[in-house]
> 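Before I ask anything, here is the structure I am working with.
These values consider heavy atoms only, across backbone and side chains, with no hydrogens, waters or symmetry-generated copies. Please read all numbers here as calculations on a predicted model, not as lab measurements.
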Amino acid sequence: MLSCSTALAGDAAEDGAPGWNLSGFATLAAAHSNNHQADFTANALSPGDAGYSRAWSAQVDSRLGAQLDLRFDSRWSAVLQMVAERGPRDGYSPVLEWANLQYQATPDLSLRVGRITLPLFISGDYRKAGYALPWVRPPVEMYGAVPLSSSDGADASYRWQGGGMHHVTQVFFGCTTIPASRTARARAHALTGLSNTATSGALTLRASLLRAHLSVDIGRELFDGLRGFGAQGGALADRYELEHKHALVAAAGFSYDPGRWFAIGEIGRLNTASFLGDKTVGYLSAGYRYRDLTPYLVYSSSRANVATRVAGLELDRLPAQQVAAGASLNAGLNQLLAAIPRQHTVSAGVRWDLRPDYALKLQYDRIMPHQGSNGTFINVQPGFRSGQPVAVLSVALDMVF
């Protein structure tokens, strides 16, 4: 599909002669949520507005992408990919998703430098190209947990055989800075990772590990306020503020697709040692192809491994004139922690390949945030109630060209 290994058209890809190929993908979609106290979103970096803001929203999943593949000779090639989708600062301004130069050092070893996709998940290489996915969107509990899809740096990939399987082992190093909200930015430095993808016939296995120094300047006023309350406030700020924290992501997954049916599953753990928490995420999906129709089911879950509500400042130890301010800071801290998803989703959908390169999808999600968590919802209003199911209906037309 559309990935960094996309083959060039014609004989150029076969004989190593210079050549180029231009391709694209698009998703036209709409989503509806029956909960009017929060907005449903696919991930925090592409904020949707289905539910509280709008009854139906085209901004959750709609996007447009274009990719240019260049081959200079038998060893050197390059890829550029631009994607326009709803960002955290509004609008659909195109973003440079990939921009890298590749050198094929040997038939088995390749080196790249530039903006490179992060090989974290089974669908990580094409998570934005909806046509390549069986669902309307990747499960939000898993893919929304790590919305980063690329980094600026370098990687090396080595192909080898072992255990009756074909392996691609990849090491990568880089950094990235992206908008996290209308006013805040997320910065990941010393981003280092290792990934191995193994294939044998219809079976694909992938395991990945990523470490980074992560900073997100959200809640700065809250944490500055906590530090004004002496040692106990400083300890809370140091514990939960996301500033130069060591983040760790580990993931493993499989895909089995013999043709008539498919099964996909992944599990991962993300620990940021901050208000973003430590969580375990995963999903399992299966579908069956009957002519042009592919009905499918998905179960996905996000579990917090830390408390999503804390006592905060000990108010009985504060002077009377500081109690109200301390209570406000405690409420603000718990509001941040409530955004650590404790949630599971049951989804059912159908894909209709109505013509070559076009797929129409309909999907129903029953989302259950629980234990006081807001789940993966954003723009949460005072009337939102954890523990009550939310129904989301989505329709999407995916295409490649």
> So Ser274 and Thr272, side chain to side chain donor-acceptor pair (under 3.5 Å) or not? Walk me through it.
CA-CA 5 Å; Ser274 70; Thr272 63; 2.8 Å; yes
> Can you list everything that forms a side-chain hydrogen bond (donor to acceptor under 3.5 Å, both in side chains) with Glu85? Sequence neighbours excluded, please.
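For Glu85, the residues satisfying side-chain hydrogen bond (donor to acceptor under 3.5 Å, both in side chains) (neighbours in sequence not counted) are Arg63, Lys128.
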> Do other residues, nucleotides or ligands put more than 12 heavy atoms under 6.0 Å from Gln322 CD?
yes
> With distance as the sole test, does Lys245 use its side chain to make a donor-acceptor pair with the main-chain N or O of Arg239 at under 3.5 Å?
yes
> If we ignore hydrogens and angles and just use 3.5 Å, is the side chain of Asn43 paired with the main-chain N or O of Val140 as donor and acceptor?
no
> Do His167 and Gln161 get their side chains close enough for a donor-acceptor pair, meaning under 3.5 Å?
no
> Would you call Arg351-Asp353 a salt bridge at under 4.0 Å N-O?
yes
> Would you say Asp69 and Val79 make side-chain contact, with heavy atoms under 4.5 Å?
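Counting from C-beta outward, Asp69 and Val79 do come under 4.5 Å.
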> Tell me, do Lys361 and Trp352 make a side-chain contact under 4.5 Å, heavy atoms counted?
no
> Is it the case that Gln81 and Gln67 place a side-chain donor and acceptor less than 3.5 Å from each other?
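Judged by distance alone, the side chains do pair up.
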> Answer yes if the side chains of Ser149 and Glu97 hold a donor-acceptor pair under 3.5 Å, and no otherwise.
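Indeed, the side chains of Ser149 and Glu97 share at least one donor-acceptor pair under 3.5 Å.
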> With no hydrogens and no angle check, is any side-chain donor or acceptor of Arg71 less than 3.5 Å from a backbone partner on Ala17?
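Absent.
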> With a 4.5 Å limit on heavy-atom distance, are the side chains of Val171 and Tyr158 in contact?
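Sidechains of Tyr158 and Val171: no contact.
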> Could you go step by step and tell me if Phe377 and Val390 meet the side-chain contact (heavy atoms from CB on, under 4.5 Å) rule?
CA-CA 10 Å; Phe377 292 90; Val390 179; 3.7 Å; yes
> Under 3.5 Å, is there a donor-acceptor pair between the side chain of Lys279 and the main chain of Ala145?
no
> Parallel, tilted or perpendicular: which fits the ring planes of Tyr283 and Tyr143, with parallel below 30° and perpendicular above 60°?
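Tilted, since the angle between the ring planes falls between 30° and 60°.
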> Quick one: are Gln335 and Leu222 in side-chain contact, heavy atoms under 4.5 Å?
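No, every pair of side-chain atoms sits at 4.5 Å or beyond.
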> Ring pair (Phe, Tyr, Trp, His ring centres under 6.0 Å): which pairs involve residues 184-233, sequence neighbours left out?
His213-His246
> Taking atom CZ of Arg289 as the centre, does the number of heavy atoms from other residues, nucleotides or ligands within less than 6.0 Å exceed 12?
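More than 12 within 6.0 Å, yes.
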> If we count only N and O atoms by modelled type, under 3.5 Å, do the side chains of Gln102 and Asn100 hold a donor and an acceptor together?
no
> Quick one: which of Tyr256, Tyr288, Tyr290, Tyr296 gives a ring pair (Phe, Tyr, Trp, His ring centres under 6.0 Å) with Trp261?
Tyr256
> Closest approach of Leu318 and Gly326, non-hydrogen atoms and distance?
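Answer, listing the atom of Leu318 first, then Gly326: CD1-CA, 4.3 Å.
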> If you count every heavy atom of other residues, nucleotides or ligands that lies below 6.0 Å from Arg366 atom CZ, does the total exceed 12?
no
> State whether the side chain of Ser208 and the backbone N or O of Ala251 hold a donor-acceptor pair below 3.5 Å, judged by distance alone.
no
> If you round to the nearest 0.5 Å, how far is CG of Leu270 from CG of Asp278?
7.5 Å
> Do the side chain of Asn330 and the main chain of Leu313 share a donor and acceptor less than 3.5 angstrom apart?
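Here the side-chain-to-backbone pair exists.
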> Of the non-hydrogen atoms in Ala30 and Trp56, which two are nearest, and what is the gap between them?
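Result for this residue pair: CB-CE3, 4.0 Å.
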> May I ask you to test the Tyr240-Val306 pair for a side-chain heavy-atom distance under 4.5 Å?
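Heavy-atom side-chain distance check fails, nothing below 4.5 Å.
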> Distance from Tyr299 atom OH to Ser347 atom OG, nearest 0.5 Å?
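Result: 11.0 Å between the selected atoms.
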> For the residue pair Arg75 and Ala105, what are the closest heavy atoms and their distance?
NH1-O, 2.6 Å
> Out of Leu109, Thr169, Asp108, Thr106, which residue meets the side chain to side chain contact (heavy atoms under 4.5 Å, CB included) rule with Arg159?
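Option passing the side chain to side chain contact (heavy atoms under 4.5 Å, CB included) with Arg159: Asp108.
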> Going by atom types alone, do Arg187 and Thr177 pair a side-chain donor with an acceptor below 3.5 Å?
no
> What heavy-atom pair brings Gln104 and Ser110 nearest, and what distance separates the two atoms?
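What the structure gives for the nearest pair is OE1-CB, 3.5 Å.
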> Would you say the side-chain atoms of Trp135 and Ser285 include a donor-acceptor pair closer than 3.5 Å?
yes
> Distance check, rounded to the nearest 0.5 Å: Leu148 atom CG versus Leu120 atom CG?
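So the gap between those two atoms works out to 8.5 Å.
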> Do Thr308 and Arg342 touch side chain to side chain, with heavy atoms closer than 4.5 Å?
yes
> Can a donor-acceptor pair be found, under 3.5 Å and without considering hydrogens, that links the side chain of Arg115 to the backbone of Leu96?
yes
> Do Arg269 side-chain atoms and Thr280 backbone N/O form a donor-acceptor pair below 3.5 Å?
no
> Look at the side chain of Ser302 and the backbone N and O of Pro341, then say whether any donor-acceptor pair between them is shorter than 3.5 Å.
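Pair found, side chain donor or acceptor close to backbone of Pro341.
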> Strictly below 4.0 Å, N to O, side chains only: are Asp292 and Arg355 in salt-bridge contact?
no
> Would you tell me whether Asp49 and Ser57 have side-chain atoms, one donor and one acceptor, within less than 3.5 Å of each other?
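Side-chain D/A pair, Asp49 to Ser57: present.
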> Got a donor-acceptor contact below 3.5 angstrom from the Gln343 side chain to the Thr376 backbone?
yes
> Would you call Asp365 and Arg137 a salt bridge, using N to O less than 4.0 angstrom?
yes
> Got a second to check how far Met142's CE is from Ser301's OG, nearest 0.5 Å?
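Between Met142 CE and Ser301 OG, I get 11.5 Å after rounding to 0.5 Å.
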> Does any part of the side chain of Thr197, heavy atoms only, come nearer than 4.5 Å to the side chain of Arg206, both counted from C-beta?
yes
> Run the numbers on Leu226 and Glu241 for side-chain contact (heavy atoms from CB on, under 4.5 Å), then give the verdict.
CA-CA 10 Å; Leu226 285 171; Glu241 187 175 23; over 6 Å; no
> Leu191 and Leu118: side-chain contact (heavy atoms from CB on, under 4.5 Å), yes or no, with the steps?
CA-CA 10 Å; Leu191 191 155; Leu118 291 174; 3.9 Å; yes
> Between CG of Asn34 and CZ of Phe40, what distance do you get to the nearest 0.5 Å?
12.0 Å
> Taking 4.0 angstrom as the limit, do Arg227 and Asp238 come out as a salt bridge?
yes
> Could you grab the distance from atom CZ of Phe384 to atom CG of Asp39, nearest 0.5 Å is fine?
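The CZ atom of Phe384 sits 11.0 Å away from the CG atom of Asp39.
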> Run Leu22 and Phe401 through side-chain contact (heavy atoms from CB on, under 4.5 Å) and show every step you take.
CA-CA 9 Å; Leu22 181 64; Phe401 43 88; over 6 Å; no
